[in-house]
Amino acid sequence: MKYDFKGIEAKWQQRWDDEKSFKTLDDYSMPKYYALVEFPYPSGAGLHVGHPRSYTALDIVARKRRMQGYNVLYPMGWDAFGLPTENFAIKNHIHPEIVTERNVARFKSQLKMIGLSFDWDREVNTTDPGYFKWTQWIFQQLFKKGLAYKSTMPVNWCTSCKCVLANEEVVNGVCERCGSEVVRKEKSQWMLAITKYAQRLIDDLELVDYVDRVKTQQKNWIGRSTGAEVEFATTEGDTLKIYTTRPDTLFGATYMVMSPEHPYIEQWKDKLANYNAVVEYREAAARKSDFERTEMAKDKTGVQLDGVRAINPVTGNEIPIFVSDYVLMGYGTGAIMAVPGHDTRDWEFAKKFGCPIIEVVKGGNVEEEAFTDCETGVMVNSGFLDGKTVEEAKVAIVEWLKETGKGEPKVNFKLRDWVFSRQRYWGEPIPLVYCEKCGWVPIPEEELPLRLPEVESYEPTDNGESPLAKCEDWIQTTCPHCGAPARRETDTMPQWAGSSWYFLRYMDPHNDKALASKEALEYWGMVDWYNGGMEHTTLHLLYSRFWHKFLYDIGVVPNPEPYAMRTSHGMILGGNGEKMSKSRGNVVNPDDIINTYGADTMRLYEMFIGDFEKAAPWKQDSIKGCSRFLERICAMRDNVAPGTEYSQKNEVEIHKTIKKVSQDIENLKFNTAIAALMSLLNTFADNGVNEAEYLTFLALLDPFAPHLAEELAESLGVTGTMVRYPWPQYDEAKTVEANVNMAVQVNGKLRGVVSLPLGCDDETAKAAALEEEKVKAAVAGMNIVKIIVVKNKIINIVVKP
RNA sequence: GCGGGUAUGGUGAAAUUGGCAGACACGCAGGAUUUAGGUUCCUGUGCUUCGGCGUGUGGGUUCAAGUCCCACUACCCGUACCA
């Protein structure tokens with residue numbers, strides 16, 4: 001049979017569509033399996049070959065689970081709010097909604113050509129009012145529980161575009177789009193109190209099965225550290241509170257540093273002889289762009305306060321206080337005690353400003369560099385701490401701090417609260433109004449979804465307000481609480497909002513009473529397997545875990561964690577090993593591959609390309625191997641002999657392959673699963689093949705190359721589709737040959753191979769090894785010291801002259 | 001800086017607990033089929049001075065190391081003064 005992939009693929013895609021073969025069943029008595037891939041942002045460029053890597057991998061898992069009798073939820077949708085669409089709309093004067101619709105249509109038709117087994121009846125779109133109604137609803141719940149609040153925050157401001165940028169849009173300190181300088185500007189923003197969940201977001205990683213590197217990245221991002229808060233009295237009679245992870249080095253604190261934004265600068269205004277110089281420094285720091293701040297990072301700057309000094313609580317010494325921008329207002333208390341002997345940054349600063357450096361932990365040379373090791377050192381010059389190890393000293397000093405009331409143990413996190421507002425058009429409107437009397441008030445639930453108003457221009461305003469700020473008609477409303485005139489919030493939500501809960505909507509996508517029904521949430525939660533890119537292992541994963549925990553706390557979802565398992569795929573690179581991008585000109589379009597070789601070949605190649613978790617360069621030549629493999633399967637169809645049992649010749653190889661393919665799919669080893677299928681085909685080519693054997697092969701092939709598997713199975717009389725065809729079973733006893741080849745080594749070097757019965761005893765193996773001609777030659781004239789036998793694997797003869 | 005990862009033929013890559021390094025492919029070479037190119041099929045293919053040598057480098061443990069230990073180097077990803 002000739003391999004007509006175009007005909008075959010069109011035929012089966014049509015049939016799956018007509019029969020709704022992948023429809024998720026509403027039968028909650030069946031065992032369930034929820035496989036999830038990250039839904040894409042439907043960009044104008046269309047799909048590239050990187051997208052299908054993840055989709056195909058979990059399609060294989062989903063298809064296998066259906067064949068194993070599970071009720072499978074494998075859905076797809078669109079994360080469609082976002083900047084590129086808005087920018088395209090601005091440039092071409094088209095409504096973003098129309099742009100989105102177009103892009104989604106393009107993406108969908110491309111995905112359909114790949115033969116992915118999504119249940120399209122459950123498609124979701126974050127820009128659909130029926131969807132974002134619930135995004136807004138969740139935000140209102142957060143607000144009601146006090147987890148959404150307004151706060152003045154420094155934001156990134158592009159001096160040329162005159163608008164606020166997200167952190168991701170600032171590349172090397174300049175605007176991603178226009179290349180102009182980006183500076184900091186204070187703006188009032190909506191914030192979400194994710195830091196309240198910081199500890200639980202770390203602890204509950206114990207409950208889930210994520211690859212280690214993902215767990216590590218989450219923990220690092222949250223950045224928990226333990227230490228102490230210590231109060232330093234000042235010469236002006238007040239106290240300056242600091243946070244440190246090294247309270248053990250308190251005796252070595254020879255000066256203090258405050259952030260330029262520290263409120264004490266204003267408080268001490270009248271006491272500072274050099275107040276003007278301090279303010280000047282603060283203003284210079286504020287003017288610095290991100291780029292300059294990073295550039296200047298190596299060179300420490302600062303100003304010493306003239307008029308206020310601090311007192312080291314343990315030595316009683318008076319020490320100077322500096323202001324420097326290497327201390328950040330946003331972490332700890334915005335002030336530090338500086339221990340130049342044992343902190344690299346303090347050491348650099350001390351060297352530049354001539355502050356004394358005292359060694360309090362022995363082990364290095366503090367004149368040469370800061371000694372930061374906590375493991376080996378012993379305390380010196382530290383009064384009652386002398387002679388203790390760092391760990392012992394930490395315990396002792398914290399005791400002392402507690403007793404004297406000068407400090408207490410403290411845990412800090414790097415994680416900051418989530419800046420949640422964007423001054424943009426194409427996002428979910430924040431469903432709150434501001435009333436002079438009542439403050440911020442949520443709009444009534446029955447008024448959700450709050451839709452975007454029609455505007456003439458989507459461009460941000462000159463003063464950094466959202467484009468919605470120009471819609472006076474829309475803004476003016478009444479307070480739901482007291483009925484007085486009120487104004488709507490004009491900021492919109494960030495793109496992360498819609499993607500923080502989309503997996504819940506798939507469970508019950510058309511529900512208009514709740515984000516999903518209780519029954520659906522209980523049956524489908526948690527997601528059994530979630531695969532996505534490493535680039536989302538910090539923000540998206542953390543945000544969605546946070547929202548899910550909140551929904552758990554208010555009784556909406558039944559589990560504390562959303563995803564039972566998380567894996568990550570590597571990126572598909574261009575043929576030159578570089579990241580695929582339009583500017584590098586190395587983008588490969590899946591449409592071209594499908595036209596030339598067919599979807600099954602593309603699916604196969606995407607999985608065969610290499611280790612699923614690692615980046616892999618796209619090699620156009622290598623695709624042929626996969627294409628040939630499918631052609632050979634097709635050609636073999638004409639030579640399939642009748643037969644309902646496995647032949648003796650093929651039996652072991654078949655059981656082995658079933659085992660390997662079954663396990664490899666579970667372990668993300670799609671590449672070796674395909675290699676095993678190729679080997680089995682080679683075995684068939686040598687030994688001949690009958691119908692029973694060929695059908696098993698097709699069942700194993702089905703998740704990888706479903707169109708061809710269907711076509712060939714049909715030709716063998718299989719009625720219906722392969723979607724629920726039973727997954728082949730293997731018999732462990734039949735996965736091994738009666739005889740094994742054991743390698744014979746002499747002094748660790750391979751000298752021969754002997755064929756022996758499986759599990760034969762060591763003495764027989766030794767005797768057989770010594771009979772082998774090449775072994776005899778290698779052993780001749782030597783004394784045999786010992787012989788090591790590893791059952792069924794190797795015999796090593798150790799000899800000496 | 002810090003955190004994570006990677007390093008194996010001409011290429012993409014395989015290799016349970018340490019146990020025959022290079023599975024499976026690509027490419028290449030030779031042959032067969034073909035009017036020819038292409039396709040398909042068969043054979044070979046780590047290097048080698050045929051003793052051996054080979055998994056980034058240098059040490060170590062072991063009967064045995066790609067795999068374990070110590071010390072390096074290079075590249076990739078993330079992050080940016082987090083006290």
Side-chain angles (χ1 to χ4, degrees), chain A residues 212-217 219-221 223-225 227 242-247 249 253 256-257 259 290 293-294 296-300 324-328 330-339 342-346 348-349 372 412-416 534-535 537-538 570-571 573 575 577-579 604-605 608-611 613-626 628-629 631-632 635 663 667 669 671-682 685 741-753 785-799:
Chain A
D212 283 344
R213 54 181 178 158
V214 172
K215 280 194 187 181
T216 310
Q217 269 197 28
K219 280 183 199 157
N220 288 348
W221 189 263
R224 182 183 198 270
S225 71
I242 61 101
Y243 172 72
T244 178
T245 56
R246 296 292 305 273
T249 61
M256 303 191 77
V257 187
S259 157
D290 278 1
R293 281 211 176 192
T294 341
M296 300 294 179
K298 287 134 211 150
D299 197 20
K300 297 280 182 287
S324 173
D325 64 1
Y326 84 89
V327 173
L328 310 172
Y331 184 78
T333 63
I336 61 157
M337 66 174 197
V339 184
H342 306 282
D343 181 282
T344 315
R345 294 149 304 177
D346 297 345
E348 284 167 11
F349 189 90
T372 56
N412 249 319
F413 297 94
K414 278 192 211 173
L415 185 70
R416 315 284 181 81
M534 273 312 271
E535 68 273 22
T537 51
T538 45
M571 219 187 313
L573 306 170
E578 288 175 19
K579 200 169 166 173
L604 217 47
Y605 178 62
F608 190 60
I609 193 164
D611 186 333
E613 299 186 83
K614 288 188 202 143
W618 185 268
K619 298 280 177 188
Q620 200 70 28
D621 280 349
S622 302
I623 299 169
K624 282 187 209 154
C626 294
R628 271 179 216 158
F629 171 56
E631 279 168 10
R632 291 178 61 213
Q663 291 179 346
N667 296 322
K669 302 266 180 195
N671 51 339
T672 49
I674 293 168
L677 287 170
M678 288 172 169
S679 285
L680 184 58
L681 189 75
N682 292 342
N741 287 328
M742 290 180 71
V744 184
Q745 296 179 337
V746 177
N747 283 351
K749 278 182 187 148
L750 184 69
R751 295 298 176 195
V753 176
V785 180
K786 60 175 163 178
I787 302 178
I788 292 146
V789 179
V790 181
K791 256 201 193 338
N792 301 328
K793 278 188 179 147
I794 205 160
I795 303 155
N796 193 8
I797 304 167
V798 187
V799 295

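Just so we're on the same page: letters track the sequence lines, and every chain starts at 1.
- Separation of atoms CE (A:Met337) and OG1 (A:Thr244) is listed at 4.0 Å; rounding is to 0.5 Å.
- Regarding A:Met337, its CE atom lies at a distance of 12 Å from the P atom of B:rA83, rounded to whole Å.
- Using a 4.0 Å heavy-atom criterion, one finds that A:Lys749 contacts the sugar-phosphate atoms exclusively.
- Residue-level contact check: A:Asn682 touches the backbone only, with heavy atoms under 4.0 Å from sugar-phosphate atoms and none from bases.
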Atom pairs, protein N/O to nucleotides 11-16 of chain B N/O, distance under 3.5 Å:
| from | atom 1 | to | atom 2 | distance (Å) |
| --- | --- | --- | --- | --- |
| B:rG12 | O2' | A:Ile609 | O | 2.7 |
| B:rA14 | OP1 | A:Asp611 | N | 3.4 |
| B:rA14 | OP1 | A:Asn671 | ND2 | 2.9 |

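- Taking the P atoms as reference points, B:rU43 lies 14 Å from B:rC26, given to the whole Å.
- When the P atom of B:rG19 is taken as reference, atom CG of A:Asn741 falls 18 Å away, rounded to whole Å.
- Using a 4.5 Å heavy-atom cutoff, the side chains of A:Ile795 and A:Arg751 are not in contact.
- Of the candidates B:rA83, B:rU40, B:rA23, the closest approach to any side-chain atom of A:Ile336 belongs to B:rA83.
- Of the P atoms belonging to B:rU67 and B:rG27, the separation is 32 Å, rounded to the nearest Å.
- Here the separation of B:rG19 from B:rG66, taken at their P atoms, is 9 Å to the nearest Å.
- Atom P of B:rG78 sits at a distance of 23 Å from the matching atom of B:rA14, rounded to the whole Å.
- When each of B:rG4, B:rC81, B:rC24 is scored by its nearest atom to the side-chain atoms of A:Tyr326, the top-ranked nucleotide is B:rC81.
- Comparing the P positions of B:rC47 and B:rA23 gives an interatomic distance of 13 Å, to the nearest angstrom.
- Nearest-nucleotide positions on RNA chain B for A:Arg751 and A:Glu631 put A:Glu631 closer to the 5' end.
- Interatomic distance, CD of A:Gln745 versus CG of A:Leu750, reported as 6.5 Å (0.5 Å rounding).
- The OH-P distance, from A:Tyr331 to B:rU79, rounds to 18 Å in whole Å.
- Contact record, A:Asn796 with A:Asn747: OD1-N, 3.6 Å, taken as the closest heavy-atom pair.
- When the C1' atom of B:rU6 is taken as reference, atom CE of A:Met534 falls 13 Å away, rounded to whole Å.
- Comparing B:rG22 with B:rU55, their C1' atoms sit 9 Å apart, to the nearest whole Å.
- Look at B:rG4: its glycosidic torsion is beyond 90° from 0, and that puts it in the anti range.
- For the pair A:Phe629 CZ and B:rU40 P, the computed distance is 15 Å after rounding to whole Å.
- Of the C1' atoms belonging to B:rU57 and B:rA7, the separation is 11 Å, rounded to the nearest Å.
- In this structure a side-chain-to-backbone donor-acceptor pair under 3.5 Å is missing from A:Tyr331 to A:Arg416.
- The interatomic distance linking A:Asp212 (CG) with B:rU6 (P) rounds to 12 Å, in whole Å.
- OP1 or OP2 of B:rG27 has at least one side-chain nitrogen or oxygen of A:Lys624 nearer than 4.0 Å.
- In this structure, CZ on A:Arg246 lies 12.5 Å from OG on A:Ser225, to the nearest 0.5 angstrom.
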Close N or O pairs between protein and nucleotides 59-69 of chain B (under 3.5 Å):
| from | atom 1 | to | atom 2 | distance (Å) |
| --- | --- | --- | --- | --- |
| B:rC63 | O2' | A:Asn796 | ND2 | 3.2 |
| B:rC63 | O2 | A:Asn796 | ND2 | 2.6 |

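- Take the nearest nucleotide of RNA chain B for A:Thr538 and for A:Arg628: the residue whose nucleotide is more 5' is A:Arg628.
- Here the P atom of nucleotide B:rG4 and the NZ atom of A:Lys215 are 16 Å apart, to the nearest Å.
- Separation of the C1' atoms belonging to B:rG56 and B:rA36 is 48 Å when rounded to the nearest angstrom.
- One finds the OH atom of A:Tyr605 at 12.0 Å from the CG atom of A:Asn671 (value rounded to the nearest 0.5 Å).
- At the heavy-atom level, A:Arg416 lies under 4.0 Å from base atoms of the strands shown.
- Counting non-hydrogen atoms under 4.0 angstrom, A:Val339 reaches nothing in the nucleic acid.
- At distances below 3.5 Å, not a single donor-acceptor pair connects side-chain atoms of A:Asp343 with backbone N or O atoms of A:Val339.
- For B:rG51, the glycosidic angle deviates from 0 by 90° or less, giving a syn base.
- Under the 6.0 Å distance and 45° angle rule, A:Lys300 does not count as a cation-pi partner of A:Phe349.
- The minimum heavy-atom distance linking A:Ala338 with A:Val257 is given by the pair CB-CG2, 4.4 Å.
- Proximity of A:Tyr326 to A:Glu348: side-chain heavy atoms (C-beta onward) are nowhere separated by under 4.5 Å.
- Between A:Tyr243 atom OH and A:Asn412 atom CG the span is 4.5 Å, to the nearest 0.5 Å.
- Heavy atoms of other residues, nucleotides or ligands lying less than 6.0 angstrom from NZ of A:Lys791 number more than 12.
- Residue A:Ser225 is classed as a sugar-phosphate contact, given heavy-atom separations below 4.0 Å to backbone atoms only.
- Contact annotation: the side chain of A:Met534 approaches that of A:Thr537 to within less than 4.5 Å [non-hydrogen atoms, C-beta and beyond].
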Under a 3.5 Å cutoff on both atom distances, Watson-Crick or G-U, what's the dot-bracket for RNA chain B ([ ] crossing, | other strand)? (((((((..(((......[....)))((((((.......))))))((....))..(((((..]....))))))))))))....

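- In this structure, the nucleotide among B:rC20, B:rG4, B:rC41 sitting nearest to the side chain of A:Arg632 is B:rC41.
- Separating the CD atom of A:Gln217 from the P atom of B:rC77 is a distance of 13 Å, rounded to the nearest angstrom.
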